[in-house]
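Since the structure comes first, as structure tokens, the remarks are kept for the end.
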Amino acid sequence: MADHNWAIFARARWLRDGGKPGFIKFIVRAGSKAGADTEMITGHDRLKGVFDRLVSLQAFGLAIPLVPLFEVQLKAEGLLVAMEELEPLHDIIKRGEAYSLSLKILEDLDPEKDKGPSWLHFDICPMNIGVLANGRCVLIDVESFYLEKDDVFQVSIPAWKPFRAPQDLVDKVQDQLATGSVDKSTAYLKQRYEIALAAAECVLGPLAPHGNLTSSVLKTWLSAADPKDRAVQFWARTLQAALDNGQIRPIRELHDELQSSLSEVEDVDHAPLVHEPVLPPISIGEGAVPSAPGGGPEGWEEDWNLLKPAAYALRAGKLENEQLPQYRLALERLARKYPSQRLFWNELLLVAISYEKNAAEALAYANEALQHLRDDPDLNRMRNIIQRWVTERQNG
């Protein structure tokens, strides 16, 4: 159990549902002396609105990609929500094991499916997407779910991650929120971007918070991916077209095109999405990270290209155990040669956390990275999480 002042979190087994593992969230109602901000977020009226929405959403069952709810109760002390436990997509992406989920996200999370109610989840991102034990992708952060009424969505708390969207979309959403509601057209456009980005992260890896999505950000994001991979090619042209046009196609169209593209590769109808990059021989030694032409910081991409085969092999499970320390050492040299390039620190943290399971090493990398990237909020949050991990291990 954990307590965060405004909410209490716990895990349990839900015996009435066959002993399924569950996650319980209890949002504590704002007290009589709470300030205006606290009242707005956890006051009685807000919690009553969330309760009513969740009860309505439950009635739609599988027609809405909401995490299965075991129970929703509104009490004088606050709101209790018990849901089925799942694995956050964010964690799967960080481990480099999410590739096969790119197509599944498009299939399961489409808000414009036929014969379904109109719904809006206002903060779709890998942290708010989960994968159930049966493989179905659903949305969590249940307070961000809204149902359409009179062709608009009344958004009570407009908390989302605008840095993940193009600036023109951010402006459009903010203009809508200023009116007190979001129309269906804008809501669907926002969700298309968010779902597409989450599905792309399964293939391309985490999208670092560089600021609003631009062609330059996309190019940097793609720099670590295999350009011969059909899924990489699909997301590169899809996201660039969306940036060029200010629109992104319906999720159903994206799903069908990605599935078709991959089926052609496999030469099998409805082929599964399987990451099998074609790899050249992998060699990681002293010569693997030569000085860039001219020795200047602009050469980081050339140096990184020499390590990409090993990065692909790592994610595909083809990097031999004895090669992992060599890969890490090569990354260390790159990180220290180009200390302002977040990419190399991300890769070192991935190796230390997901593959070597070395908490102390991960903390050392995070601290070293922050000496050069002090104002990076995501890196600071990650360092704090790793610090808790180290402390838990030390306490046994």
Side-chain angles (χ1 to χ4, degrees), residues 90 93-98 126 163 200-201 203-211 216-227 229 232 277 279-280 282-316 318-319 323-387 389:
H90 176 267
I93 291 174
K94 286 285 188 182
R95 294 201 305 269
E97 299 172 1
F163 65 82
E201 284 186 82
V203 171
L204 305 178
L207 173 60
H210 287 296
S216 175
V217 170
L218 178 59
K219 181 181 178 181
T220 300
W221 190 16
L222 290 166
S223 67
D226 181 358
D229 187 305
V232 172
L279 299 171
I282 299 169
S283 175
I284 308 174
E286 286 299 321
V289 191
S291 295
E298 70 280 357
W300 73 267
E301 292 182 81
E302 290 87 343
D303 280 356
W304 171 237
N305 284 339
L306 295 171
L307 278 187
K308 278 186 181 179
Y312 303 148
L314 181 74
R315 287 156 174 77
K318 295 182 178 181
L319 193 68
Q323 291 179 303
L324 189 59
Q326 299 175 51
Y327 179 50
R328 173 170 46 76
L329 289 173
L331 284 169
E332 287 178 356
R333 291 196 292 273
L334 280 180
R336 287 156 188 163
K337 185 176 182 180
Y338 307 109
S340 63
Q341 280 297 335
R342 173 73 185 279
L343 167 68
F344 302 123
W345 299 112
N346 284 349
E347 192 73 4
L348 278 170
L349 288 169
L350 173 69
V351 170
I353 295 170
S354 298
Y355 292 90
E356 295 187 328
K357 306 291 192 295
N358 191 323
E361 185 177 84
L363 183 60
Y365 288 143
N367 285 330
E368 186 174 354
L370 282 167
Q371 292 177 18
H372 309 281
L373 301 163
R374 296 180 186 278
D375 297 326
D376 189 315
D378 189 55
L379 194 56
N380 273 286
R381 284 194 296 271
M382 189 177 298
R383 191 268 308 274
N384 293 337
I385 292 170
I386 296 169
Q387 180 65 70
W389 181 28

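Treat the numbers as computed from the prediction; the structure is a model and nothing was measured.
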Minimum heavy-atom separation for [X] to [Y], with atom names?
X	Y	result
Ser340	Leu373	O-CD2, 3.7 Å
Ser223	Trp304	O-NE1, 3.4 Å
Ala352	Glu361	CB-OE1, 3.6 Å

Nearest 0.5 Å please: distance from the [atom1] atom of [X] over to the [atom2] atom of [Y].
X	Y	atom1	atom2	answer
Phe344	Trp300	CZ	CH2	6.0 Å
Leu350	Asn346	CG	CG	8.5 Å
Ile353	Ile386	CD1	CD1	4.0 Å
Gln326	Leu329	CD	CG	8.0 Å
Leu349	Arg342	CG	CZ	7.5 Å
Thr220	Glu301	OG1	CD	7.0 Å

note = Quick note, salt bridge (charged side-chain N to carboxylate O under 4.0 Å, His left out) partners involving residues 364-375, not counting sequence neighbours, are Arg336-Glu368
query = Do Val217 and Leu207 have side-chain heavy atoms sitting under 4.5 Å apart?
reply = yes
message = Can you confirm whether Asp226 sits close enough to Lys308 that some side-chain heavy atom of one is under 4.5 Å from a side-chain heavy atom of the other?
response = no
key: Partner set under salt bridge (charged side-chain N to carboxylate O under 4.0 Å, His left out) for Arg381, not counting sequence neighbours   = Asp378
key: Residues which pass side chain to side chain contact (heavy atoms under 4.5 Å, CB included) with Pro325, listed by chain and number, not counting sequence neighbours   = Arg328
note = Across all chains, not counting sequence neighbours, the side chain to side chain contact (heavy atoms under 4.5 Å, CB included) partners of Ile385 are Arg388
ask   = Got a sec, which residues hit side chain to side chain donor-acceptor pair (under 3.5 Å) with Glu347, two or more places apart in sequence or on another chain?
value = Arg315, Tyr327
remark   = Residue set satisfying side chain to side chain donor-acceptor pair (under 3.5 Å) with Asn367, at least two apart, ordered chain then number -> Arg383
task = Return yes if some donor-acceptor pair links the side-chain N/O of Trp221 with the main-chain N/O of Gly205 below 3.5 Å, else return no.
result = yes
request  = Without swapping roles, check the side chain of Trp345 against the backbone of Pro339 for a donor-acceptor pair under 3.5 Å.
outcome  = yes
